[in-house]
Participant: 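Can you keep this structure in mind? I'll have questions shortly.
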Amino acid sequence: MRVLQASSELHPFSKTGGLADMAGALAKYLAADGHEVTVITPLYGNMRDRFPEIDATDISFALPLGELVVTAKLWQLSPAKRLTIYFVDQPEFYQRAALYGDKAGDYTDNAERFVFFSKCVVELARHLPLPTEIIHAHDWQAGLVPLFVQHARQAGDWLKAPRTCLTIHNLAYQGVFPSWKFPLTNLPASYFTPAGVEFFGWMNCLKAGLVYADMLTTVSPRYAREITTEEFGCALDGVLRERQHDLTGVLNGVDYEEWNTTHNPFLPQPYSQESLEGKATAKAALQQEFGLPQSANVPLFGVVSRLADQKGVDILTGALEEMLGADIQFVLLGSGQAEFERAVRGLAVRHPTKASVKIGYDHALSHRIEAGVDFFLMPSHFEPCGLNQMYSLRYGSVPVVRATGGLDDSIVDVTEDVESANGIKFYEYSSRALAKAIRKAIVLFGAKELFERYRLNGMASDFSWKRTTTAYEEIYKRALAK
Ligand code: ADP
Ligand code: GLC
């Protein structure tokens with residue numbers, strides 16, 4: 001199949017979260033499976049300095065954006081056979097320090113930036129020498145793509161218009177803008193109704209995708225069920241219930257070429273199920289790096305996370321305030337909402353020999369934390385998929401997770417299966433429940449043989465992309481059959 005992936009972030013070029021990992025790996029493994037894959041993504045900040053191998057093309061677009069005409073150049077890179085990435089170069093929109101916003105909040109022209117990006121996606125699909133069969137759009141930033149395609153198909157001006165698939169990575173981010181931004185789409189006002197992109201008087205980019213894409217997916221089976229309920233539906237559950245037959249939950253894969261412990265430039269020493277010595281080395285090195293006492297016998301808990309409401313930082317700090325009284329250590333790498341950054345810093349100030357925190361974004365350190373900790377905490381309020389728990393399993397770090405979304409789908413608690421248990425789950429969203437789960441982890445850590453079994457079960461678990469790409473291939477076939 002000829003597939004065009006549209007994503008506002010793409011590992012290793014740009015990333016704020018798991019979307020980048022997922023979009024990068026999906027493209028790579030679809031191409032490896034024999035598909036012709038094109039990816040389109042914005043050319044941000046200093047990308048060309050960091051990746052000098054990105055080449056100029058002679059493709060440029062001049063597209064209407066409301067009353068303006070905005071131009072962009074495309075750059076390209078072909079990192080593998082059958083895989084081409086196009087980067088949209090529109091310096092006014094994308095040459096910024098961050099992807100979506102700064103400390104002052106979201107960039108105020110995000111509607112312009114991503115309506116334009118979505119238009120570039122469609123323009124590229126029309127421009128490619130061989131017709132694109134499927135456009136796979138990711139999240140709200142590309143949410144308008146299915147609508148643009150549908151409009152062109154209905155207007156009869158795109159013979160063989162591609163079929164579309166939209167993946168929801170996180171329903172909480174919808175790209176909601178005032179109604180007066182809708183003319184940026186240059187579409188007839190007839191689309192701006194409750195049956196279309198209107199959302200209580202606002203324009204909603206994700207909703208456009210939910211209504212007009214041929215197929216919808218999200219990133220775990222459980223989250224696919226959750227988002228059709230009022231509790232997790234973020235006011236779009238009604239729309240999703242209507243599209244339930246076209247909505248599939250597909251658990252993301254892990255790119256084990258990147259996330260492994262045997263060939264990993266970020267780790268001090270390789271290790272594997274057969275030889276865990278390097279894991280002990282990683283722990284000692286991590287304790288040193290975070291300025292904590294180097295002790296193999298103290299259970300070390302870790303977090304790598306965006307510090308956002310979704311991630312359960314409030315119950316995390318509550319639980320740790322209580323649990324840091326016990327003989328444990330805690331390290332965290334993260335950044336995000338100011339109040340959460342303050343709260344986790346506070347923990348480190350009050351418990352200097354037990355908790356240590358780094359605020360910021362550091363890819364190499366995220367690998368070292370995955371490897372160095374004994375337990376990885378993910379107390380998310382909701383979690384569409386979550387990747388770190390799957391990385392933790394492979395790194396021999398036992399995940400402690402709240403049973404929601406992809407966390408529930410990927411981790412096995414002892415109450416579910418004694419033999420294959422690889423993590424600890426808790427259910428109630430409260431500090432008390434998390435503290436109890438941490439207490440269970442401490443007990444497990446003391447039961448050396450059992451702990452070893454959990455660890456080895458985790459390292460043996462397999463979330464490789466094969467299963468995930470096969471599932472997407474089936475979904476593309478269903479889209480083509482429409
Ligand atoms: P989300 O996409 O909701 O943030 P995921 O678990 O899917 O959650 O993916 C998060 C990804 O971002 C992981 O690869 C994780 O290692 C990475 N990440 C998050 N915060 C940081 C950080 N501060 N530094 C480095 N990597 C981070
Ligand atoms: C989103 C979700 C996360 C998921 C990631 C990749 O950022 O919050 O749970 O793993 O997308 O699909």
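Numbering of ligands and ligand atoms starts at 1, following listing order.
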Participant: Would you say ligand 1 has an N or O under 3.5 Å from any N or O of Arg306?
Facilitator: yes
Participant: Who's the nearest protein heavy-atom neighbour of atom 12 (O) of ligand 2, and how far?
Facilitator: His169 ND1, 2.7 Å
Participant: Checking a contact table here: which protein heavy atom is nearest atom 4 (C) of ligand 2, and how many Å away?
Facilitator: Gly386 N, 3.6 Å
Participant: Kindly indicate whether a cation-pi arrangement holds for Arg96 with Tyr107, taking the cut-offs as under 6.0 Å to the six-membered ring centre and within 45° of the axis.
Facilitator: yes
Participant: Would you kindly specify which portion of Leu19 sits under 4.0 Å from ligand 2, judged on non-hydrogen atoms: side chain, backbone, both or neither?
Facilitator: backbone
Participant: Would Gly17 count as a contact residue for ligand 2, given that I'm defining contact as a non-hydrogen atom of the residue lying under 4.0 Å from a ligand atom?
Facilitator: no
Participant: Would you say Gly17 and ligand 1 have an N/O pair spaced under 3.5 Å apart?
Facilitator: no
Participant: State the atoms of ligand 2, each with its element, that fall below the 4.0 Å cut-off from a heavy-atom position in Pro384.
Facilitator: 2 (C), 8 (O), 9 (O)
Participant: So, is the end of the Lys358 side chain (NZ or CZ) under 6.0 Å from the ring centre of Phe290 and within 45° of the ring's axis?
Facilitator: yes
Participant: Nearest to atom 6 (C) of ligand 2 by heavy atom, Asp139, Val219, Asn252: which?
Facilitator: Asn252
Participant: Decide whether an N or O pair under 3.5 Å exists between Thr16 and ligand 1.
Facilitator: no
Participant: Below 4.0 Å from any atom of ligand 1, is there a heavy atom belonging to Met22?
Facilitator: no
Participant: Which atoms of ligand 1 have any heavy atom of Lys311 under 4.0 Å away?
Facilitator: 1 (P), 3 (O), 4 (O), 8 (O)
Participant: Answer with yes or no whether Lys15 contacts ligand 1, where contact means a heavy atom under 4.0 Å from a ligand atom.
Facilitator: yes
Participant: Would you mind running through ligand 1 and noting each atom that sits below 4.0 Å from a heavy atom of Ser305?
Facilitator: 20 (N)
Participant: With a 4.0 Å cut-off on heavy atoms, is Gly360 touching ligand 1?
Facilitator: yes
Participant: Please could you name the atoms of ligand 2 that Gly18 approaches to less than 4.0 Å, counting only its heavy atoms?
Facilitator: 5 (C), 6 (C)
Participant: Can an N or O of Met22 be found at a distance shorter than 3.5 Å from an N or O of ligand 2?
Facilitator: no
Participant: To which protein heavy atom is atom 8 (O) of ligand 2 closest, and what is the distance rounded to 0.1 Å?
Facilitator: Gln310 NE2, 3.1 Å
Participant: Within the side chain of Asp21, is there an N or O that forms a donor-acceptor pair under 3.5 Å with the backbone of Gly18?
Facilitator: no
Participant: Determine whether any heavy atom of Glu370 lies closer than 4.0 Å to an atom of ligand 1.
Facilitator: no
Participant: Kindly say whether Leu99 contributes a backbone atom to a donor-acceptor pair with the side chain of Arg113 at under 3.5 angstrom?
Facilitator: yes
Participant: Tell me: protein heavy atom nearest atom 3 (C) of ligand 2, and distance?
Facilitator: Glu383 OE2, 3.4 Å
